[in-house]
Amino acid sequence: MDCIRIEGGHRLDGTIFISGAKNAALALMPACLLSDRPLTLTNVPRLADIASMISLLGLHGASVDAAFDKGDADTTDRRLTLHTRTIADATAPYDIVRKMRASVLVLGPLVARHGHARVSLPGGCAIGTRPVDLHLKALEALGAEIILDGGYIEARAPSGGLRGGTIVFPCVTVGGTENALMAATLARGETVIENAAREPEITDLATCLNAMGARIEGIGTNTLHIQGVSSLTAATHAILPDRIETGTYALAAAITRGRLHLKQTDADLLRAVLEHLEEAGVSVTPADDGFIVDGRDRTPRGVDVMTKPYPGFPTDMQAQWMALMATADGASMITESIFENRFMHVPELARMGADINIHGGSAIVRGRARLSGAQVMATDLRASVCLVLAGLAAEGTTTINRVYHLDRGYETVEAKLAGCGAAIERVRG
Ligand SMILES: CC(=O)N[C@H]1[C@@H](OP(=O)(O)OP(=O)(O)OC[C@H]2O[C@@H](n3ccc(=O)[nH]c3=O)[C@H](O)[C@@H]2O)O[C@H](CO)[C@@H](O)[C@@H]1O
Ligand SMILES: C=C(OP(=O)(O)O)C(=O)O
């Protein structure tokens, strides 16, 4: 198995081009199942999860023209055309779903267009139990009949197809909103989704669906109104920049006390993260095609965060923030309010000398002048990259095992960091 080896203590200085958003791509790609016309996405990131989604959509009958393999990192023209003339098979098998939870996003489109879907239950993962009950209740509100059988979700639309309905989510769910939104585009009549997630990836999906001929209003708010249409058409859509990748590299500049120009991105997508960074004393200034983070010659102050749905501080940045706070001046409290088990990086950071105590859903982090390199184990995607950040700042060598987690969500992470002065390499094994 590959590992990443980092020789810490090198200040980052340079430019990093941000890729298209993984979490937007994973919701946009299944939208190709809603139409018999092609859907072309540009700015598609090259990631393991995208390859898994391509395989899954291929099983359902999508033909794939993936010219995106040819684009360079600093070009947004990474084109992926998906064309599902007919649904060949409505089963999403366990072997793919267990690798990538976002596979459950084929459920809504399949039931809406094909009338039936059989999708493996995703199960829990390192960050929590992550049920999909709210996805299922939303589809039931549109008239689907749902049965759980042998580890699979069997969903069936009534004979005339899904019908519009009112969906009130008791808590904010990104995936639940995406599944409901896609299903509602082809349901007869009006659907109202209340307490919908407002993440930029939802806005991106809704914008693309409207370009395909859907009739969605309220985009960007927590109440979405969808007038169902009988069919959707062809469209081309540019995926928005990855705000979590952007935030991760912003924190890489701060933790190495360096300076990075982040390009092909938009500071407005991650205001909460950048405001916390500025509160910690790190400078963030607008610049050509993105912004500059300058953490030279300053030790960030400890700043508390609590994760919240958008526009709050994202849970997908919590582990990276903890790495930064482990090197900050003073103490901070980090509270995780979205996932019940998203502190798996804490014992690994402790192996590098971090001083962190967990009390329920909160962690108290007392900043240390230095961390020390160690052998550590990645447990999930953001935990992995938090260890990369800690390794960049630590004295000595850090070896991170199980980097396949990293490959799910960070495109050419070693090359992007090495290009700005990090001593980082992938050791094939
Ligand atoms: C591929 C993708 O976009 N993944 C993101 C998505 O995950 P995902 O869509 O899985 O996350 P949700 O927003 O649905 O989960 C939020 C909370 O709701 C709970 N819940 C969710 C659905 C449900 O049916 N029942 C239920 O109880 C979850 O367990 C969790 O505690 O949003 C998360 C929250 O911003 C991010 O961390 C993930 O990176
Ligand atoms: C938790 C994440 O992804 P997923 O929902 O695909 O597990 C993530 O992107 O941090």
Side-chain angles (χ1 to χ4, degrees), residues 19-30 45 47-50 52-53 56 96-108 119 121-141 146 148 153 167 169-182 195-205 222 239-240 242-248 269-270 272-273 307-321 336-342 344-345 361 378-386 404-411:
S19 301
K22 163 186 91 83
N23 286 349
L26 292 176
L28 287 159
M29 292 167 70
L47 298 168
D49 271 12
I50 301 299
S52 300
M53 186 58 91
L56 178 59
I96 296 186
V97 180
R98 80 183 160 81
K99 276 197 264 170
M100 187 190 53
R101 297 183 48 86
S103 307
V104 78
L105 296 176
V106 301
L107 183 64
V119 176
L121 273 163
C125 73
I127 64 175
T129 47
R130 305 184 74 180
V132 290
D133 55 322
L134 302 176
H135 300 230
L136 307 188
K137 285 199 177 101
L139 292 177
E140 281 173 341
I146 312 263
L148 300 183
I153 304 159
I167 297 164
F169 284 116
C171 68
V172 176
T173 159
V174 173
T177 303
E178 290 164 344
N179 244 332
L181 185 59
M182 287 191 276
N195 199 23
R198 286 187 289 158
E199 269 63 7
E201 293 75 23
I202 305 270
T203 297
D204 212 36
L205 174 64
N222 61 6
I239 298 175
L240 87 172
D242 196 313
R243 65 194 164 100
I244 306 300
E245 191 197 19
T246 307
T248 302
L269 295 171
L270 64 159
V273 174
T307 63
K308 290 270 175 65
Y310 191 83
F313 191 98
T315 172
D316 291 350
M317 284 298 301
Q318 178 258 108
Q320 300 91 309
W321 188 258
E336 173 56 56
S337 76
I338 310 287
F339 292 109
E340 72 274 17
N341 188 29
R342 211 172 192 181
M344 298 289 279
H345 41 284
T379 48
D380 66 77
L381 170 56
R382 308 304 168 184
S384 314
V385 85
C386 125
Y404 54 84
H405 291 295
L406 205 56
D407 296 331
R408 283 190 46 221
Y410 289 89
E411 185 174 327

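In each ligand, atom 1 is the first atom listed, and ligand 1 is the first ligand listed.
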Next item on the list: Output, in order, the C-alpha distance, side-chain angles, deciding distance and verdict of side-chain contact (heavy atoms from CB on, under 4.5 Å) for N23 and R243.
Entry: CA-CA 10 Å; N23 286 349; R243 65 194 164 100; over 6 Å; no

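- Contact atoms of ligand 1 toward T315: 34 (C), 35 (O), 37 (O) (distance under 4.0 Å to a heavy atom of the residue).
- Every residue meeting the side chain to side chain contact (heavy atoms under 4.5 Å, CB included) condition with V172, not counting sequence neighbours, appears here in chain and number order: N195, A197, P309.
- Partners of D407 by salt bridge (Lys or Arg N to Asp or Glu O under 4.0 Å), not counting sequence neighbours, listed by chain and number: R426.
- Scanning the protein for heavy atoms near atom 24 (O) of ligand 1, the closest one is L134 N, 2.7 Å.
- Ligand 1 has no N or O atom lying under 3.5 Å from any N or O atom of A102, backbone or side chain.
- In this structure, the protein non-hydrogen atom closest to atom 10 (O) of ligand 1 is R130 NH2, 2.9 Å.
- For the pair L381/D49, no side-chain contact is recorded, criterion being any heavy-atom separation below 4.5 Å from C-beta on.
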Next item on the list: Mind running side-chain contact (heavy atoms from CB on, under 4.5 Å) on M344 and I127 for me, showing each step along the way?
Entry: CA-CA 8 Å; M344 298 289 279; I127 64 175; 6.0 Å; no

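- Under 4.0 angstrom from ligand 1, the non-hydrogen atoms of R342 all belong to its side chain.
- With ligand atoms numbered from 1 in the order given, ligand 1 contributes 13 (O), 16 (C) to contacts under 4.0 Å with heavy atoms of V172.
- Counting only heavy atoms from C-beta outward, the side chains of R408 and L47 never approach each other to under 4.5 Å.
- Annotation: L26 places no N or O atom under 3.5 Å from an N or O atom of ligand 1; distance criterion only.
- Using a heavy-atom distance under 4.0 Å as the criterion, the protein contacts of ligand 2 are K22, N23, I127, R130, D316, R342, L381, R382, R408.
- Of all protein heavy atoms, the one lying nearest to atom 6 (C) of ligand 1 is V174 CB, 3.9 Å.
- Heavy-atom distances between L136 and ligand 1 stay at or above 4.0 Å for every pair.
- In this structure, the protein non-hydrogen atom closest to atom 25 (N) of ligand 1 is D133 OD1, 2.7 Å.
- Protein heavy atom closest to atom 11 (O) of ligand 1, with residue, atom name and distance, is F339 CZ, 4.0 Å.
- Applying the 4.0 Å criterion to heavy atoms of V132 picks out, from ligand 1, the atoms 23 (C), 24 (O).
- In this structure, the salt bridge (Lys or Arg N to Asp or Glu O under 4.0 Å) partners of R98, at least two apart in sequence or on a different chain, are D95.
- Considering A27, G175, C171 only, the shortest heavy-atom separation from atom 18 (O) of ligand 1 involves C171.
- Residue E199 has no N or O atom closer than 3.5 Å to an N or O atom of ligand 1.
- With 3.5 Å as the limit, one finds a donor-acceptor pair spanning the side chains of E411 and S19.
- Between the OG1 atom of T248 and the CD atom of Q320 there is a distance of 4.0 Å, given to the nearest 0.5 Å.
- At a threshold of 4.5 Å between non-hydrogen side-chain atoms, the residues N179 and P30 do not count as touching.
- Considering backbone and side-chain atoms alike, G176 places every N or O at 3.5 Å or more from each N or O of ligand 1.
- Nearest heavy atoms, A138 versus I167: O-CD1, 3.7 Å.
- Contacts between I244 and ligand 1, counted as non-hydrogen atom pairs separated by less than 4.0 Å, are absent for every part of the residue.
- The nearest protein atom to atom 31 (O) of ligand 1, hydrogens excluded, is given as I338 O, 2.6 Å; this is a heavy-atom distance.
- No donor-acceptor pair closer than 3.5 Å links the side chain of D316 to the backbone N or O of I244.
- Here the CD1 atom belonging to I239 is positioned 6.5 Å from the CD1 atom belonging to I50, to the nearest 0.5 angstrom.
- Taking all atoms of both residues into account, the shortest heavy-atom contact from R101 to V132 is NH2-CG1, 4.1 Å.
- On a distance-only criterion, T173 and ligand 1 share at least one N/O pair closer than 3.5 Å.
- Protein heavy atom in closest approach to atom 1 (C) of ligand 1: N23 OD1, 3.3 Å.
- Contact annotation for D316 and ligand 1: only side-chain heavy atoms (C-beta onward) come within less than 4.0 Å of the ligand.
- Taking any N or O of E340, backbone or side chain, none lies under 3.5 Å from an N or O belonging to ligand 1.
- Partner Y410 forms a side-chain hydrogen bond (donor to acceptor under 3.5 Å, both in side chains) with one of E245, H405, R382 and no other, that one being R382.
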Notebook entry, point to check: side-chain contact (heavy atoms from CB on, under 4.5 Å) between T379 and H345: does it pass, once the steps are laid out?
Noted result: CA-CA 7 Å; T379 48; H345 41 284; 5.6 Å; no

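- Side-chain N or O atoms of Q318 include one that pairs as donor or acceptor with a backbone N or O of R342 at under 3.5 Å.
- When only non-hydrogen protein atoms are considered, atom 20 (N) of ligand 1 lies nearest to P131 O, 4.0 Å.
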